[in-house]
Amino acid sequence: MRSRQLATLMLGLCLALTPLAGLAQARQPLDRIVAVVNEGAIMATQLEDRLAQTRNRLRARGVEQPPEAALREQVLDRMIVEEIQLQMAREANLSVDDTELNRQVRAIAEGNNMTLEQFADALEADGLSLGVVRDQVRRELLMRELQQRRVASRVNLSEREVERYIEQQGGNVSRDQAREALFQRKVSDEMEAWIQEIRADAFIDERLESGS
């Protein structure tokens, strides 16, 4: 139960929330490292790809975009945290079941009102491939699994907490509803603390040039 509830709170699949147009990746002729994360690195082209996806997602939602420098820093910071988690997932020998991976990819296609075949054709027209998307989805699922293992184990609920919450709500919620609401609240707090911990423990060398 907790695993299912936690999954609804984790960072959603970026691709599932991104319009198809946001998947297009503009490549640059020259690449450079913008951040070193432990033994890994984040390249400028990867950052530009994610920035393009983020801009498209914000535009599609009608959200005002922050200044370019601030957005670039925010996106890079998220990519750094993701890289740390992926390294942890590899160290823990986590893997993604192909059945679940295929289900998620089909859900993305359906979210774009396409069959899987139509989705693959549209990706190809944008210079991508279904294999690239599958790899991105696999990364997201690995992080979700890691988060479930590392964060869910830190969340505990007592019956007294549940009863107190029901009293605070005037008895208008069921015990299951109270438990789920409290669990989600605690997961959110624990997730924030955990992210801060793993970031502080990692070696990070940001090389983002001012004004880039």
Side-chain angles (χ1 to χ4, degrees), residues 1-20 22 53-54 57-58 60-63 74 77-116 119 133-201:
M1 171 65 107
R2 286 189 175 182
S3 178
R4 181 186 64 78
Q5 292 172 331
L6 180 59
T8 65
L9 294 173
M10 298 301 97
L11 298 175
L13 291 172
C14 292
L15 293 174
L17 300 177
T18 307
L20 184 58
Q53 292 178 14
T54 302
R57 188 159 59 247
L58 293 175
R61 295 176 179 175
V63 177
Q74 292 169 12
D77 185 71
R78 171 159 181 168
M79 292 179 71
I80 287 171
V81 171
E82 290 177 0
E83 176 62 24
I84 295 171
Q85 293 179 77
L86 289 169
Q87 291 176 11
M88 294 174 68
R90 287 194 292 270
E91 291 172 0
N93 294 317
L94 299 183
S95 61
V96 175
D97 178 77
D98 283 342
T99 300
E100 175 63 12
L101 177 60
N102 293 335
R103 188 183 71 80
Q104 292 288 353
V105 173
R106 283 196 300 271
I108 294 170
E110 291 169 0
N112 282 281
N113 298 315
M114 300 178 185
T115 65
L116 192 58
F119 186 56
V133 172
R134 283 173 59 86
D135 183 62
Q136 292 178 342
V137 174
R138 188 185 297 276
R139 289 161 58 93
E140 292 284 348
L141 292 175
L142 280 173
M143 288 189 292
R144 179 182 294 180
E145 176 65 19
L146 178 71
Q147 291 162 358
Q148 289 173 346
R149 293 190 178 199
R150 297 299 179 90
V151 178
S153 62
R154 298 166 57 156
V155 177
N156 294 298
L157 283 178
S158 69
E159 289 305 311
R160 179 55 189 147
E161 287 179 294
V162 174
E163 292 170 2
R164 187 181 302 117
Y165 182 85
I166 294 175
E167 292 172 0
Q168 292 172 346
Q169 302 304 312
N172 295 320
V173 295
S174 68
R175 182 168 293 273
D176 285 343
Q177 289 173 327
R179 185 178 294 279
E180 182 171 353
L182 286 171
F183 182 77
Q184 291 178 351
R185 181 186 302 173
K186 285 197 171 187
V187 163
S188 179
D189 292 342
E190 289 293 342
M191 174 62 72
E192 183 176 350
W194 181 70
I195 291 296
Q196 292 175 354
E197 288 173 12
I198 64 174
R199 202 183 193 288
D201 290 341

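Every heavy atom of this structure was used, including side-chain atoms; hydrogens, water molecules and symmetry mates were not. One-based numbering along the sequence shown. Quick caveat: nothing in here was measured; it's all calculated off a predicted structure.
Annotation: salt bridge (Lys or Arg N to Asp or Glu O under 4.0 Å) contacts of Arg150 (sequence neighbours excluded): none. Looking at residues two or more places apart in sequence or on another chain, you find a side-chain hydrogen bond (donor to acceptor under 3.5 Å, both in side chains) between Asn102 and Arg134.
Rounding to the nearest 0.5 angstrom, the gap separating the CZ atom in Arg185 from the CD atom in Glu161 is 9.5 Å. Distance check, rounded to the nearest 0.5 Å: CZ of Arg179 to CG of Leu157 gives 6.0 Å. Separation of atoms CD1 (Ile80) and CZ (Arg78) is listed at 13.0 Å; rounding is to 0.5 Å. Taken to the nearest 0.5 Å, the CG atom of Asp97 stands 9.5 Å off from the CZ atom of Arg138. Going from atom CG of Leu182 over to atom CD of Gln184 covers 9.5 Å, rounded to the nearest 0.5 Å. Note that CZ of Arg139 is 6.5 Å distant from CE of Met143, once rounded to the nearest 0.5 Å.
With contacts defined as side-chain heavy-atom distances shorter than 4.5 Å, the pair Gln53/Gln136 qualifies. With contacts defined as side-chain heavy-atom distances shorter than 4.5 Å, the pair Lys186/Arg154 does not qualify.
Minimum heavy-atom separation, Leu101 to Val96: CB-CG1, 4.0 Å. In this structure, Gln85 and Leu146 approach most closely via the heavy-atom pair O-CD2, 3.2 Å. Summarising the geometry of Glu190 relative to Val155, their closest heavy-atom pair is CG-CG2, 3.9 Å, with the distance given to 0.1 Å.
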I'd like a table of donor-acceptor pairs (distance under 3.5 Å, sequence neighbours excluded) in which one partner is a side-chain atom from residues 165-174, with atom names and distances.
unit_1, atom_1, unit_2, atom_2, d
Asn172, ND2, Gln169, O, 3.2
Ser174, OG, Gln177, N, 3.1
Ser174, OG, Gln177, OE1, 3.4

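Using a 4.0 Å cut-off between charged nitrogen and carboxylate oxygen, Glu110 and Arg106 do not count as a salt-bridge pair. Electrostatic pairing of Glu82 and Arg144 does not count as a salt bridge here, judged by no charged N lying under 4.0 Å from a carboxylate O.
Between the side chains of Glu91 and Gln87, no donor-acceptor pair of N or O atoms lies under 3.5 Å.
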